[in-house]
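Data first, discussion second: the structure below is written as structure tokens.
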Amino acid sequence: MAPSPIVTATIQSAVLAGTSNILAQALTAYQNETPFIIDWVPVFQFVVFTLINVPPNFLWQEFLESTFPAYHVSPTPVAVASAAAGDEKALEKEAEDGKLVEPKLNIRNTAVKLALDQTVGAAANTFLFSLFMHSIQKAMVRPPGGPLSAPNKSLRYLTSPRAVDYGRVDWAGVVARSRAEFGQILVAGWKVWPLVSLVNFAFIQSIQGRNLVGSLAGVGWGIHMSIVASR
């Protein structure tokens, strides 16, 4: 039995999220002229966020599409010409050939979806990303100089007792930091995601396809956010 589209989309996105974080680490090592050693802790953090974040976003995209369909059925120019000429035989032939109607992009619905996605959707995703990353980083803090603090010890750290301990988290500080960087990250996202969303809404009809396009674009964005999160 094939997995559901939402499961497939989540797995694809998680793999790409992990890939983007590894690429960010490689880029940082290259820029700093230091040896490249994968630190699996931030990779784990990005993958977990993606596993949590993708399903509600998938449902959000389904809601937008069902409420504001991208396409509506419209008579083809050939059918309109045949109808105007009163040519019943031509209309019957066009119906047999599947040329009577065609999907047509609904400009108004596309604009509404784009506006909602880049305001409500973007704001929620931006704040939740910051909230999650800052909290899990505090929950998985590794004291500098500790026995498992080095990147080459990251796998051992992930399997150690209390590797994730939310009792360490100062939630007031996490919320304050998330609020402080909210505007900057949101504006940075507006330089990338409106175009991705427009391409998705205008040219990609399936939610699965849109998620894949978004995930591929998200590799570049994930590299940026991985660097931001590591500061």
### Message
Quick test of your reading: applying ring pair (Phe, Tyr, Trp, His ring centres under 6.0 Å), list the pairs with at least one residue in residues 21-47, sequence neighbours left out, ordered by first then second residue.
### Response
F46-F129

Is there a side-chain contact between [X] and [Y] (heavy atoms, below 4.5 Å)?
| X | Y | answer |
| --- | --- | --- |
| S20 | M225 | no |
| L105 | Y71 | yes |
| N53 | F132 | no |
| V112 | L116 | yes |
| V196 | W221 | no |
| F68 | N106 | no |
| Y157 | S160 | yes |

Consider only side-chain heavy atoms of I, L, V, M, F, W and Y, link residues closer than 4.5 Å, and tell whether [X] and [Y] are in one cluster.
| X | Y | answer |
| --- | --- | --- |
| V54 | V48 | no |
| W171 | F182 | yes |
| V199 | W60 | no |
| L128 | W190 | no |
| L198 | L212 | no |

[X] side chain to [Y] main-chain N or O, any donor-acceptor pair under 3.5 Å?
| X | Y | answer |
| --- | --- | --- |
| K138 | D170 | no |
| T126 | A123 | no |
| E65 | A70 | yes |

Taking every non-hydrogen atom, the tightest pair across [X] and [Y]:
| X | Y | answer |
| --- | --- | --- |
| F63 | T67 | O-OG1, 2.7 Å |
| A9 | N211 | CB-ND2, 3.2 Å |
| Q25 | P42 | NE2-CG, 3.6 Å |
| D39 | V43 | O-CG2, 3.6 Å |
| P194 | G189 | CD-O, 3.6 Å |
| S226 | N21 | OG-ND2, 3.1 Å |

Value rounded to 0.5 Å, distance of [atom1] in [X] from [atom2] in [Y]:
| X | Y | atom1 | atom2 | result |
| --- | --- | --- | --- | --- |
| L131 | F127 | CG | CZ | 5.0 Å |
| L64 | N109 | CG | CG | 10.5 Å |
| I11 | T50 | CD1 | OG1 | 12.5 Å |
| S197 | D117 | OG | CG | 4.0 Å |
| R210 | N57 | CZ | CG | 13.5 Å |
| I37 | N152 | CD1 | CG | 5.0 Å |

### Query
Under the salt bridge (charged side-chain N to carboxylate O under 4.0 Å, His left out) rule, what pairs show up with a residue in residues 150-164, not counting sequence neighbours?
R162-D165

### Message
Using a 6.0 Å cut-off, check whether atom OH of Y166 has over 12 heavy atoms from anything other than its own residue.
### Response
yes

### Message
Surrounding CZ of R168 (heavy atoms of other residues, nucleotides or ligands, distance under 6.0 Å), is the total greater than 12?
### Response
yes

#### Entry: side-chain contact (heavy atoms from CB on, under 4.5 Å) partners of S130, counting only residues at least two apart
H134, S178, E181, I185

### Task
Evaluate the side-chain contact (heavy atoms from CB on, under 4.5 Å) criterion for residues L158 and M140: first the C-alpha distance (whole Å), next the side-chain angles of each, then the deciding distance (0.1 Å), finally the verdict.
CA-CA 9 Å; L158 285 173; M140 301 184 72; 3.5 Å; yes

